[in-house]
Amino acid sequence: MATYILLGHFTEQGIRNVKDTVKRADAMRAAAKKMGITVKDVYWTLGQYDVAAIYDAPDAAAMTALALQVGAAGNVRTQILPAFTEDEIVPIVAKAVKKK
């Protein structure tokens with residue numbers, strides 16, 4: 001499983017219906033489960049982003065499909081970030097700086 005962080009901005013529709021934001025998060029969790037994605041945490045934030053969520057997904061295609069489904073509902077615009085633990089990033093960095 002790969003870890004992803006989703007950052008979201010409420011659209012005008014999303015902020016207008018902010019009272020339903022927890023219901024929308026529950027619907028997103030159900031959709032994620034159907035795609036084999038685990039929702040680890042969802043946070044409502046102040047500042048540049050309105051929502052941040054952490055997922056474990058089988059692959060980028062599954063995570064992209066979920067983000068598209070969430071975006072298609074019209075309440076939030078999303079950005080997906082692949083995320084790596086320290087143990088995962090060490091071999092990636094080693095590969096990046098490997099001499100030819």
Side-chain angles (χ1 to χ4, degrees):
M1 291 293 239
T3 302
Y4 294 89
I5 298 170
L6 179 141
L7 301 174
H9 295 278
F10 289 138
T11 62
E12 287 185 35
Q13 173 183 304
I15 197 66
R16 205 173 30 251
N17 298 307
V18 73
K19 68 185 184 310
D20 298 325
T21 191
V22 173
K23 291 178 189 176
R24 294 193 303 252
D26 290 341
M28 177 273 302
R29 283 183 183 93
K33 187 174 182 177
K34 289 179 184 177
M35 295 180 183
I37 298 171
T38 301
V39 181
K40 294 173 78 174
D41 287 301
V42 176
Y43 300 95
W44 285 262
T45 59
L46 301 174
Q48 186 175 358
Y49 297 97
D50 300 306
V51 180
I54 303 170
Y55 302 86
D56 279 336
D59 54 38
M63 191 63 225
T64 301
L66 179 63
L68 288 170
Q69 188 174 42
V70 167
N75 295 299
V76 68
R77 302 258 187 270
T78 62
Q79 179 178 359
I80 306 168
L81 306 171
F84 304 96
T85 65
E86 184 177 336
D87 288 342
E88 292 168 332
I89 199 66
V90 168
I92 294 168
V93 171
K95 188 182 268 187
V97 297
K98 189 176 186 177
K99 293 183 179 182
K100 294 182 181 185

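Index from 1, following the sequence.
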**Message:** Please find the pair of heavy atoms, one from I37 and one from A57, that lie closest to each other, and give the distance.
**Reply:** CG1-CB, 3.9 Å
**Prompt:** Does the side chain of L66 reach to within under 4.5 Å of the side chain of Y4, using non-hydrogen atoms?
**Reply:** no
**Asked** Side-chain heavy atoms under 4.5 angstrom apart, residues restricted to Ile, Leu, Val, Met, Phe, Trp, Tyr: same cluster for M35 and Y55?
**Response** yes
**Message:** On a heavy-atom basis, which atom in L6 and which in M63 lie closest, and how many Å separate them?
**Reply:** CD1-CE, 4.2 Å
**Asked** Short question: side chain of D56, backbone of M1 - any donor-acceptor pair under 3.5 Å?
**Response** no
**Request:** Would you kindly confirm whether V18 and V70 end up in one hydrophobic cluster when ILVMFWY residues are joined by side chain heavy atoms under 4.5 Å apart?
**Result:** yes
**ILVMFWY cluster, M28 and W44 together (side-chain gap under 4.5 Å)** = yes
**Item:** Side chain proximity check, T3 to P82, heavy atoms < 4.5 angstrom
**Value:** no
**Asked** With the 4.5 Å side-chain cut-off for hydrophobic clustering, are I80 and V76 part of the same group?
**Response** yes
**Message:** With heavy-atom distances below 4.5 Å as the criterion, would you say the side chains of L81 and L7 are in contact?
**Reply:** yes
**Request:** May I have all residue pairs that pass salt bridge (charged side-chain N to carboxylate O under 4.0 Å, His left out) and include part of residues 85-97, sequence neighbours excluded?
**Result:** none
**Asked** Using 4.0 Å as the upper bound for N to carboxylate O, is an ion pair formed by R29 and D26?
**Response** yes
**Prompt:** Heavy atoms, side chains only, cut-off 4.5 Å: are Y49 and H9 in contact?
**Reply:** yes
**Asked** Would I15 end up clustered with V51 when hydrophobic side chains under 4.5 Å apart are linked, directly or stepwise?
**Response** yes
**Request:** Only counting residues at least two apart or in another chain, list the ones meeting side-chain contact (heavy atoms from CB on, under 4.5 Å) with N17.
**Result:** Q13, K19, D20, R24
**Nearest heavy atoms of P58 and G36, plus distance in Å** = CD-O, 3.4 Å
**Item:** Whether T11 side chain and G74 backbone form a donor-acceptor pair below 3.5 Å
**Value:** yes
**Request:** Any chance you could measure T64, atom OG1, to D59, atom CG, to the nearest 0.5 Å?
**Result:** 8.5 Å
